[in-house]
Each structure stands twice: as C-alpha cells, then as structure tokens.
Amino acid sequence: ETGVTQSPTHLIKTRGQQVTLRCSSQSGHNTVSWYQQALGQGPQFIFQYYREEENGRGNFPPRFSGLQFPNYSSELNVNALELDDSALYLCASSLGQGATHSPLHFGNGTRLTVT
Amino acid sequence: QKEVEQNSGPLSVPEGAIASLNCTYSDRGSQSFFWYRQYSGKSPELIMFIYSNGDKEDGRFTAQLNKASQYVSLLIRDSQPSDSATYLCAVKGGAQKLVFGQGTRLTINP
C-alpha cells in the first residue's frame, strides 16, 4: 500500500509568481485535504476535495485554488505569490466525504520559499 | 479565543519519566480528537485518535478525553530521547476540516 506522496519536495519562487503543488492520495482514499503550516505554527486548513469537487474551504483567499482528478490525485495552485506564502504545504488523504472519525494521513509536504 | 490551544513549551522531561501534553478546545460540537507527532522538518505523523470520553491506550501512549471540560491529553510513559518532537493536537467536528493547535515542543533529556 503506497502512502500519500507530494511533489516537489522543495521549491523557491519569487513574489508575484504562480506555483503548482501536486499530491497523490493513499491507495483507496477518495478525499484530499490541503494544509499550510507556517514555521512554529500548527497546520491551517486550506480546502478539501471529494470526487473532484471542493468540499470545504478555510480562510484563504481565492488565489489559492485546487483540483482533484479522477484518480483522486490533487493539485494546489497559488497565484500572485506573497512572502507570507512561504510555508510547508501538506496534503492529506482520507476515506469518505468529511467522515468525522476518518484520520488524516499526511504526505511529506512541499517546502515553499517565496523571495 | 483560539479554537484549539496547547502550551507551546518547550516541555523538558527526563528519560524514563512520564510526559504529559495537554490541549483544550472551544467547539463543544467537536467529535474526533487526534494527536500527531512532528519531527523538525518533517510532516505530522498520526499517533492516536480518540472519540469517546475516557482513556485510550496504545503501547506507551495514552490519550485522555473529557468532553465536559473540553480537554484532551496525551501521556507518554517511559519517555525516550526519540520522543523529542513537537506534538500537535487536532480536533474535528461535523465539518470537513481538522483544526490544529500550535503544538507543544517536547524534549526528553537523557
């Protein structure tokens, strides 16, 4: 059974640029969630995708957008990058639409640095 | 008031002792509670989850939940240097998202 995989591992971008982060969910998991973790903070919920549709969103501006594909893999896109977007971006997969008791299993994350 | 609160630490515990990590939450409708361990530069790793009031034990780890007091704790028995990490408390209600605390940094001293 393969776990959640994310790419790339590290990324350096310039303010104003756009970035796409990718995530492959754990085998059998149909729901993908994205989180942003700034240094010294807990992860913050960005949004969740279930069956290719956004299924809940946190307090992030519209320049944060996403996609989920038929194989349940997902992308996070961030436009007009700002310095404060520098963070560890975590993808987590789970089974079921917002299933309350379904634990999240995180990928290794993508470390984004915006200069 | 933050939705999930943890003491940021650092919490220093001698090797072999019991480490006690605490977490409070504000949403009384919360239904699921999770503890994650995060080593520096790594992603969070699920340690335990608990749904019902009381204690849940798994090896050296015990999670405790008191919904009336809106309080969750994690006990680590026989602490080892490899337990040194940041421990994240996360809470889930009826909505889709997990709400995390800021984490408690735990150091086990040999």
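Just so it is clear, the structure is predicted and the values come from calculations on it, not from any experiment. Letters go in sequence order (proteins before strands), and every chain restarts at 1.
At a 4.5 Å heavy-atom cutoff, the contact between B/Leu98 and chain A is made by backbone and side-chain atoms alike. The part of A/Gln37 that comes within reach of chain B is its side chain, from C-beta onward, which places non-hydrogen atoms under 4.5 angstrom from that chain. In this structure, chain A has no heavy atom under 4.5 Å from any part of B/Glu45.
Between A/Lys13 and A/Glu82, none of the side-chain N atoms (NZ, or NE/NH1/NH2) sits under 4.0 Å from a carboxylate O, so this pair counts as no salt bridge. Remark: B/Asp83 engages B/Arg60 in a salt bridge, criterion side-chain N to carboxylate O under 4.0 Å.
Taking the six-membered ring for Trp and the full ring otherwise, B/Phe100 and B/Tyr36 have centroids separated by under 6.0 Å. For A/Phe47 and A/Phe45, the ring centers sit 6.0 Å or farther from each other.
Residue-environment remark: CG (A/Leu39) stays at or below the threshold of 12 foreign heavy atoms within 6.0 Å.
The most heavy-atom pairs under 4.5 Å with chain B, out of A/Leu104, A/Leu90, A/Leu88, come from A/Leu104. In terms of non-hydrogen atom pairs under 4.5 Å with chain B, the most contact-rich of A/Pro43, A/Gly107, A/Gly42 is A/Pro43.
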